[in-house]
S.K.: 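Here's a structure for you.
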Amino acid sequence: MKKKAEWPRKLRSQEWYGGTSRDVIYHRGWMKNQGYPHDLFDGRPVIGILNTWSDMTPCNGHLRELAEKVKAGIWEAGGFPMEVPVFSASENTFRPTAMMYRNLAALSIEETIRGQPMDGCVLMVGCDKTTPSLLMAAASVDLPSIVVTGGPMLNGYFRGERVGSGTHLWKFSEMVKAGEMTQAEFLEAEASMSRSSGTCNTMGTASTMASMAEALGMALSGNAAIPGVDSRRKVMAQLTGRRIVQMVKDDLKPSDIMTKQAFENAIRTNAAIGGSTNAVIHLLAMAGRVGIDLTLDDWDRCGRDVPTIVNLMPSGKYLMEEFFYAGGLPVVLKRLGEAGLLHKDALTVSGETVWDEVKDVVNWNEDVILPAEKALTQSGGIVVVRGNLAPKGAVLKPSAATPSLLVHRGRAVVFEDIDDYKAKINDDNLDIDETCVMVMKNCGPKGYPGMAEVGNMGLPPKVLKKGITDMVRISDARMSGTAYGTVVLHTSPEAAVGGPLAVVQNGDFIELDVPNRRLHLDISEEELARRLAEWKPHHELPESGYAWLHQQHVQGADTGADLDFLKGCRGSAVGKDSH
């Protein structure tokens with residue numbers, strides 16, 4: 001257990017607010033125009049509430065209300081709360097993809113923390129990229145920090161059927177193409193998909209990353225699953241506000257909590273909950289910011305033999321509301337601990353170990369959080385496949401895949417990029433059937449650019465009309481955590497930098513062998529070498545702005561797609577006074 005720091009002591013914020021010098025009076029005097037009494041600057045912890053609220057981030061639209069509860073908790077514990085709006089990368093609205101801006105958000109928020117008088121931070125997050133971007137930033141600065149998420153939406157219902165946000169969007173869209181649902185019915189169903197404030201109600205990326213924050217120990221126990229409109233979400237926000245003040249006094253920092261053991265706990269948790277493949281790329285990036293050596297091999301090693309026991313869409317049938325009522329993530333962590341799959345002594349933001357937090361919890365619904373012998377799949381987790389088509393790895397989510405397709409050999413039908421796919425997929429003359437392997441190129445970190453969630457390519461109508469709902473699909477893209485199917489993603493190196501995916505041709509045969517972790521392009525080594533030697537990039541390169549910076553410096557998906565000059569370097573948290 002980490003030894004608590006001496007208290008009282010001079011805090012970082014006193015570099016701005018403590019004393020009688022001209023510079024201090026400059027900082028402190030301007031703050032007083034908001035009506036703050038002089039004694040608030042007496043050395044008590046100044047807490048930055050980093051809020052990703054935005055009208056254009058609908059998942060986080062209620063965070064301003066939650067921030068008031070966080071402030072109440074901070075005041076109660078003797079702290080000084082300061083709400084700070086920060087970059088909010090919404091997957092719902094950003095084009096070409098919010099992933100393009102995750103690193104920009106992390107960079108800007110890192111400097112927001114470093115350059116201002118904060119002693120600790122509350123990270124208010126929800127939508128997919130806001131959670132990793134704020135955690136990456138907090139890890140880089142390494143001030144005491146704690147996560148509070150906005151929580152998932154309530155269940156959706158359409159004609160008596162549970163509607164999972166995202167998951168049913170893909171399902172209903174395919175039904176329209178197959179002639180099983182009218183466009184008018186699709187529009188009617190839209191109203192049932194998002195019926196309250198909050199993030200996706202499936203085990204999509206937002207719910208997954210909330211679970212990852214809790215499994216890492218960076219959020220209070222039970223935070224991940226409370227619905228966004230439940231009064232207990234407000235209670236959690238207020239308790240989080242109280243806790244961050246004590247964390248500052250104890251000097252409990254991200255580097256104390258986000259250890260290699262904590263990341264291994266998170267990987268196993270992701271397997272148990274049937275979490276999003278996006279967790280791979282985000283946890284790799286977060287580990288890089290802390291300086292932890294985390295690789296794709298760790299994902300396969302830690303998650304390979306963990307059963308998926310959370311019966312939620314897209315892998316199962318329930319939604320986050322039922323998961324909360326069943327006991328939420330603490331029950332999953334307890335199950336992992338009982339199975340010997342949890343580092344029980346990993347420290348959390350509570351100051352206690354993860355096992356102390358969960359050892360006495362109860363599972364209130366064993367149809368939602370299943371016994372291991374009734375798991376959705378006995379070998380859950382994220383599978384990492386390699387071969388001549390993916391020398392640096394590619395990932396697949398078995399719990400969302402069709403078991404019969406996990407070993408498959410098929411003829412490649414190639415789309416050069418997302419626009420090529422959209423132009424061809426609905427053409428009845430497209431030479432494709434359900435035995436083929438759909439391949440899409442140039443959708444990775446550099447290629448799209450930004451690595452959009454387009455890897456779960458919709459099937460062609462001519463196949464859907466046969467009643468076929470899944471095919472093997474391969475790309476260097478990502479897919480939404482709400483999506484499903486036998487989809488190979490994050491293929492590295494990506495096509496845009498001349499990875500083998502770039503030279504796959506129509507008619508080539510591809511072998512997928514998930515049990516043996518193999519992804520193979522059935523051409524000779526000589527032919528592959530010849531094609532690679534002749535390959536030339538064809539995508540446009542940005543000439544200025546952040547897009548140029550991203551293009552020049554983004555790394556591959558296999559290492560987290562962070563910017564190469566930001567990985568593994570924590571700088572001083574103390575800003576320099578220029579006045």
Side-chain angles (χ1 to χ4, degrees), residues 128 131 149 151-156 162-168 198-216 219 221-227 264-280 283 299 302-339 341-342 354 357-358 361-383 396-401 403 480-484:
D128 299 8
T131 306
T149 54
M153 293 185 285
L154 297 177
N155 287 1
R162 282 186 189 84
V163 173
S165 45
T167 299
H168 275 75
T199 59
C200 294
N201 56 21
T202 56
M203 190 52 77
T205 305
S207 295
T208 297
M209 293 312 299
S211 298
M212 293 298 93
E214 187 174 332
L216 281 168
S221 184
N223 170 81
I226 306 171
E264 291 181 350
N265 283 346
I267 290 170
R268 292 184 174 118
T269 301
N270 191 71
I273 64 176
S276 169
T277 51
N278 285 314
V280 178
L283 261 67
W299 275 90
C302 294
R304 185 169 191 155
D305 298 320
V306 179
T308 299
I309 59 171
V310 176
N311 189 11
L312 260 63
M313 299 178 197
S315 300
K317 67 178 182 179
Y318 292 108
L319 296 169
M320 287 295 291
E321 194 175 342
E322 285 100 351
F323 184 45
F324 171 61
Y325 300 147
L329 199 73
V331 175
V332 176
L333 294 171
K334 181 181 180 181
R335 287 281 183 83
L336 290 172
E338 291 170 339
L341 295 170
L342 188 75
V354 63
E357 292 284 355
V358 305
V361 299
V362 176
N363 182 1
W364 298 108
N365 190 334
E366 291 204 344
D367 195 39
V368 176
I369 306 175
L370 302 163
E373 62 272 15
K374 295 182 180 179
L376 296 179
T377 175
Q378 288 298 327
S379 183
I382 302 298
V383 167
L396 178 143
K397 180 177 174 180
S399 63
S480 168
T482 66
Y484 51 87

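Computed from a prediction, not measured in an experiment: that's the story for all the values here. Atom set for the values below is all heavy atoms of this structure, side chains included, hydrogens, waters and symmetry mates excluded. Along the sequence shown, residues carry numbers from 1.
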S.K.: Main chain of A224, side chain of E214: is a donor-acceptor contact present, judged purely on distance under 3.5 Å?
M.R.: yes
S.K.: Would M212 and I273 count as a side chain to side chain contact (heavy atoms under 4.5 Å, CB included) here? Give the steps.
M.R.: CA-CA 10 Å; M212 293 298 93; I273 64 176; 4.2 Å; yes
S.K.: Any side-chain to backbone donor/acceptor pair from N311 onto L370? Under 3.5 Å, distance only.
M.R.: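 Side chain of N311 to backbone of L370: no pair is present.
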S.K.: Keeping T131 on the side-chain end and M209 on the backbone end, is there a donor-acceptor pair under 3.5 Å?
M.R.: no
S.K.: What side-chain hydrogen bond (donor to acceptor under 3.5 Å, both in side chains) pairs are there with at least one residue in residues 321-331, not counting sequence neighbours?
M.R.: N155-E322, R162-E322, E321-Y325
S.K.: For the backbone of G274 and the side chain of K397, can you confirm whether one donor and one acceptor N or O come within less than 3.5 Å of each other?
M.R.: yes
S.K.: Supply the atom-to-atom distance I267 CD1 to L341 CG, rounded to the nearest 0.5 angstrom.
M.R.: 12.5 Å
S.K.: Would you compute the distance between atom CD1 of I382 and atom CG of L396 and round it to the nearest 0.5 angstrom?
M.R.: 8.0 Å
S.K.: Would you check if the side chain of N201 reaches a backbone N or O of L154 as a donor-acceptor pair within less than 3.5 Å?
M.R.: yes
S.K.: Within the side chain of D128, is there an N or O that forms a donor-acceptor pair under 3.5 Å with the backbone of A206?
M.R.: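 Yes, D128 side chain to A206 backbone: donor-acceptor pair under 3.5 Å.
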S.K.: At what distance, to the nearest 0.5 angstrom, does CG of L283 lie from CG of L216?
M.R.: 5.5 Å
S.K.: Drop me the distance from T149's OG1 to I226's CD1, to the nearest 0.5 angstrom.
M.R.: 7.5 Å
S.K.: Answer yes when R335 and E373 have at least one side-chain N-carboxylate O distance shorter than 4.0 Å, and no when they do not.
M.R.: no
S.K.: For T202 and T167, indicate whether the former's side chain and the latter's backbone hold a donor-acceptor pair under 3.5 Å.
M.R.: no
S.K.: May I ask you to decide whether D367 forms a salt bridge with K374, counting only side-chain N to carboxylate O separations under 4.0 Å?
M.R.: no
S.K.: Rounded to the nearest 0.5 Å, what's the gap from OG on S315 to CE on M203? Could you check?
M.R.: 9.0 Å
S.K.: To the nearest 0.5 Å, tell me how far N270 CG sits from C302 SG.
M.R.: 11.5 Å
S.K.: So, T208 and S276: side-chain donor and acceptor under 3.5 Å apart, yes or no?
M.R.: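 Side-chain D/A pair, T208 to S276: absent.
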S.K.: Are I309 and L376 close enough that some pair of their side-chain heavy atoms sits under 4.5 Å apart?
M.R.: no
